[in-house]
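Here is the structure we will look at.
These values consider heavy atoms only, across backbone and side chains, with no hydrogens, waters or symmetry-generated copies. Quick caveat: nothing in here was measured; it's all calculated off a predicted structure. Throughout, protein chains are lettered first and strands after them, A, B, ... in sequence-line order, and every chain is numbered starting at 1.
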There are 2 protein chains.
Amino acid sequence: MSSKAESYIYKKVISIGTVCELTGLSERQIRYYEKRKLIFPERSERGNRKYSFSDVEALMEIANKIEEGMQTSELRKELNMKQSTSYEHAVKETMIRGQLNAYFNKRQ
Amino acid sequence: MSSKAESYIYKKVISIGTVCELTGLSERQIRYYEKRKLIFPERSERGNRKYSFSDVEALMEIANKIEEGMQTSELRKELNMKQSTSYEHAVKETMIRGQLNAYFNKRQ
DNA sequence: CGTGTAAGGAATTCTGACACG
DNA sequence: CGTGTAAGGAATTCTGACACG
């Protein structure tokens with residue numbers, strides 16, 4: 001009754017001020033990393049940015065990498081790679097599933 | 001690297017406006033249930049209420065019970081019962097652990 | 001490139017109170 | 001008892017810009 005396995009991790013409910021407290025970053029920094037397409041907050045009706053816990057984690061990793069001298073463009077490339085990799089995985093899975101379906105459809 | 005098992009469910013990071021959206025309740029209602037000691041938000045430095053996902057779930061249950069005609073005083077009693085029950089459990093566990101410790105200490 | 005800051009406006013949140021019932 | 005509302009102030013958030021480098 002009180003525990004649904006909805007992933008609260010991805011729910012965008014945290015406002016920028018709270019994200020600042022959680023990450024130690026400034027609003028300026030957080031908005032800049034958004035501009036560089038490293039994070040993707042949602043917007044409330046009024047237009048206020050809303051972040052998830054997942055975003056907060058991502059921001060802390062970004063902050064570390066930046067401190068180490070990495071540039072946002074490089075971080076952006078990393079992100080693209082991760083995404084294309086999981087995209088390829090998805091494609092592979094879809095293909096296999098297609099083969100399985102074809103197989104079973106023949107037998108039905 | 002990106003998944004820590006911290007319970008985000010209990011982290012107080014959601015502001016009252018967002019809680020309104022998530023629960024469908026008014027700010028007035030949410031503050032009133034706090035006054036009746038049914039929920040316990042934290043406060044930011046400035047004094048703004050911060051809620052957890054757990055609070056949001058609790059509020060939705062409260063809202064249901066209220067709709068069914070239950071009063072906040074009754075809900076408060078329910079809460080006391082739940083808490084005293086888990087308190088009793090904790091006491092029992094502590095006692096058993098004490099016996100175990102006593103047992104092993106003797107043998108050392 | 002990454003970040004600080006002052007600027008001005010619009011929405012947010014807070015509290016205590018009047019109101020109905 | 002539970003909730004709506006107008007009131008006034010204080011903090012929040014937003015955007016675009018100037019700045020340094």
Using only side-chain N and O atoms of [X], determine if any of them is under 4.0 Å from OP1 or OP2 of [N].
| X | N | value |
| --- | --- | --- |
| A:Y33 | C:dG2 | no |
| B:R46 | D:dT12 | no |
| A:R31 | D:dC14 | yes |

* Asked: DNA chain D: B:E45 or B:E27, which has the more 5' nearest nucleotide?
  ->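 Mapping each residue to its closest nucleotide by heavy atoms, the 5'-most match is B:E27.
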Write down the distance between [atom1] ([X]) and [atom2] ([N]), rounded to a whole number of angstrom.
| X | N | atom1 | atom2 | value |
| --- | --- | --- | --- | --- |
| B:N64 | D:dG2 | CG | C1' | 16 Å |
| A:I14 | C:dT12 | CD1 | P | 18 Å |
| B:I62 | D:dG2 | CD1 | C1' | 13 Å |
| B:E74 | D:dG2 | CD | C1' | 14 Å |
| B:K12 | C:dT13 | NZ | P | 17 Å |
| A:K50 | C:dA11 | NZ | C1' | 11 Å |
| A:I30 | C:dG2 | CD1 | C1' | 14 Å |
| B:I16 | D:dT13 | CD1 | P | 15 Å |

* Is the base of C:dT5 touched by the side chain of A:R28 through a donor-acceptor pair closer than 3.5 angstrom? ->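 When only heavy-atom distances are counted, A:R28 does reach the base of C:dT5 through a donor-acceptor pair under 3.5 Å.
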Look at the side chain of [X] and decide which nucleotide, out of [options], has an atom nearest to it.
| X | options | value |
| --- | --- | --- |
| A:Y32 | C:dC14, D:dT3, C:dG2 | C:dG2 |
| B:Q29 | C:dG2, C:dT15, D:dG4 | D:dG4 |
| B:S26 | D:dC14, C:dT13, D:dG4 | D:dG4 |
| A:T72 | C:dG2, C:dT12, C:dT15 | C:dG2 |

* To do: Run the salt-bridge test on A:R49 and A:E42 with the 4.0 Å N-O cut-off and return the result as yes or no.
  =>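 Salt bridge flag = no for A:E42 with A:R49.
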How would you label the contact of [X] with the nucleic acid (heavy atoms, under 4.0 Å): base, sugar-phosphate, or nothing?
| X | value |
| --- | --- |
| A:S15 | sugar-phosphate |
| A:R36 | sugar-phosphate |
| B:S73 | nothing |

* To do: Flag the pair A:M60 / A:T23 as yes when at least one side-chain heavy-atom distance between them is below 4.5 Å, and no otherwise.
  =>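 Answer yes - side chains close enough.
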* So, do A:K50 and A:I14 sit near enough that their side-chain heavy atoms are less than 4.5 Å apart? ->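 A:K50 does not reach A:I14 side chain to side chain.
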* Per-nucleotide pairing state of DNA chain D [Watson-Crick or G-U, under 3.5 Å; [ ] pseudoknot-crossing; | other strand] -> .||||.||.|.|.||.||||.
* **DNA chain C: 5'-proximal contact among A:I66 and A:S44 (nearest heavy atom)** =>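 Going by which nucleotide is closer to the 5' end, it is A:I66.
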Spell out, as yes or no, whether a donor-acceptor pair under 3.5 Å connects the side chain of [X] to the backbone of [Y].
| X | Y | value |
| --- | --- | --- |
| A:K35 | A:I30 | no |
| B:K65 | B:T72 | no |
| A:S52 | A:D55 | yes |

* Asked: Is B:F40 reachable from B:L25 through a run of I, L, V, M, F, W or Y residues, each pair having side-chain heavy atoms under 4.5 Å apart?
  ->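 Shared cluster, no.
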* ILVMFWY network linking A:Y32 to A:L79, side-chain heavy atoms under 4.5 angstrom ->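 Different clusters.
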